[in-house]
Amino acid sequence: MSDDSHMHCCNDADNSNDSNNVGSADLTALRERIAQAVRDVKARTPLAQSFTNFVTINLVANAQLAAGGTAAMSFLPDDVIDTASISGADYINVGTLLPFYKDALPQIARAFRKTGHKWVLDPVAAGIGKTRTEILRAFRAAPPTIVRGNASEIIALATMWGLISPDEASRPAGVESVDEVDAAADAAKTLAAFLAKFAPNGQAAVAVSGAVDLVTDGERVYRLPGGSAMMAKITGAGCSLGGVTATYLAVAEPLVAALAATLLYNRAGEIAEAQSHGPGSFQVHLLDALWNLTPEQIADSPIR
Ligand SMILES: Nc1ncnc2c1ncn2[C@@H]1O[C@H](COP(=O)(O)OP(=O)(O)OP(=O)(O)O)[C@@H](O)[C@H]1O
Ligand SMILES: Cc1ncsc1CCO
Ligand SMILES: [Mg+2]
């Protein structure tokens, strides 16, 4: 991307026609919490455990390590539930399903609810297939702390949980989004408010990825521009963003975790685009940038 405005804080005043105007004092405090979350991950190397798809599992683990955390992947309920006691937060991604997941995933979600364990859901391909729909429906009674997905997935999940009417909904689109991020703004806000009602401390967030990402805690809506169109030309930019969101959730409240991870990815995508020559080297440079970006570079990024 050509805009280098992220290097100079801030676009705070640049939101005069945004109905969710963020006061600049609030935003300054929020930026400090984002920087602190990034510092805490680098200092404390928290474990975020994943139950994720087979396509991008390696990138998820490597991205969590590059952000400063640690990774552990598992597909067995007893293993996941035991490991959750030493994991700061978990990441569940429904991209590639096997028949036994239908029992395993709701069992894991119920165990997390019982202990108040924080987790991030990536509802990949929400709306497609009876098994995936059954699993995602079951999460309504034992919901995650953060949902991270593309616009189509957020709309599909909010619809299947009965939080928005099907008229507001769009068609499912496989693992790629067919909807613009802004089309999911209402669904995201409603979904975040629903998650917050279940969250042990009443805090939750939803992150919608796309050209301009959107993050909401159910009250405020933040728009985060930047990133690179090349992120859609490698597999797993979204999945690894979800994994890194869980890494930050291990040390920070949901809104701060979702913002920190999304800002980190936007900046890292820009750096990787400038340094790479195609999808192969883009992924390599993306990981290097996740490692090298400083707490200040991440926290001083544009937030509208
Ligand atoms: N056109 C774009 N311009 C800038 N950044 C983009 C663009 N499309 C996606 N991104 C970035 O790519 C990352 C992944 O978002 P995306 O919406 O592609 O996720 P996804 O569809 O869930 O991906 P996947 O399922 O392949 O992992 C986010 O950081 C997002 O900001
Ligand atoms: C390509 C693909 N297919 C199932 S999961 C996945 C990774 C992106 O979500
Ligand atoms: Mg995805």
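Counting begins at 1 with the first residue of the sequence. As the structure lists them, so they are numbered: ligands from 1, and atoms in each ligand from 1.
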Using atom types as modelled and distance alone, determine if a side-chain donor or acceptor of [X] lies under 3.5 Å from a backbone N or O of [Y].
X: Q64; Y: G69; result: no
X: S85; Y: D82; result: yes
X: S87; Y: T83; result: no
X: T45; Y: V41; result: no
X: R33; Y: V256; result: no
X: R132; Y: V124; result: yes

* Structure fact -> Heavy-atom proximity to atom 27 (O) of ligand 1 ranks first, among G227, G238, A232, for G238

* Min side-chain heavy-atom separation L195-T145 under 4.5 Å -> no

* Where R304 and P225 come nearest, the two heavy atoms and their spacing -> NH1-CG, 3.7 Å

With heavy atoms of [X] as the reference, note each atom of ligand 2 found under 4.0 Å away.
X: T56; answer: 7 (C)
X: V124; answer: 9 (O)
X: T235; answer: 1 (C), 7 (C), 8 (C)
X: G95; answer: 4 (C), 5 (S)
X: C239; answer: 8 (C), 9 (O)

Within the 4.0 Å heavy-atom shell around [X], which atoms of ligand 1 are there?
X: Y265; result: 29 (O)
X: L241; result: 28 (C), 29 (O)
X: N266; result: 31 (O)
X: C239; result: 27 (O)
X: G226; result: 4 (C), 5 (N)
X: D213; result: 28 (C), 30 (C), 31 (O)

* Would R39 and E32 count as a salt bridge (Lys or Arg N to Asp or Glu O under 4.0 Å) if you check the C-alpha gap in whole Å, the side-chain angles of each, and the deciding distance to 0.1 Å? -> CA-CA 10 Å; R39 280 182 216 117; E32 182 41 46; 3.2 Å; yes

So, is [X] polar-close to ligand 1, with some N/O to N/O distance under 3.5 Å?
X: N150; value: yes
X: E153; value: no
X: I234; value: no

What part of [X] sits under 4.0 Å from ligand 1 if we count only heavy atoms: the side chain, the backbone, both or neither?
X: S228; result: backbone
X: R148; result: side chain
X: T262; result: neither

* **Y91 ring center near W119 ring center (under 6.0 Å)** => no

* **Centroid-centroid distance, F54 to F75, less than 6.0 Å** => yes

* Is the closest heavy atom of G236 to ligand 1 under 4.0 Å? -> yes

* Does V124 have a non-hydrogen atom less than 4.0 Å from ligand 1? -> no

* To do: Determine whether more than 12 heavy atoms belonging to other residues, nucleotides or ligands lie under 6.0 Å from atom NZ of K102.
  => no

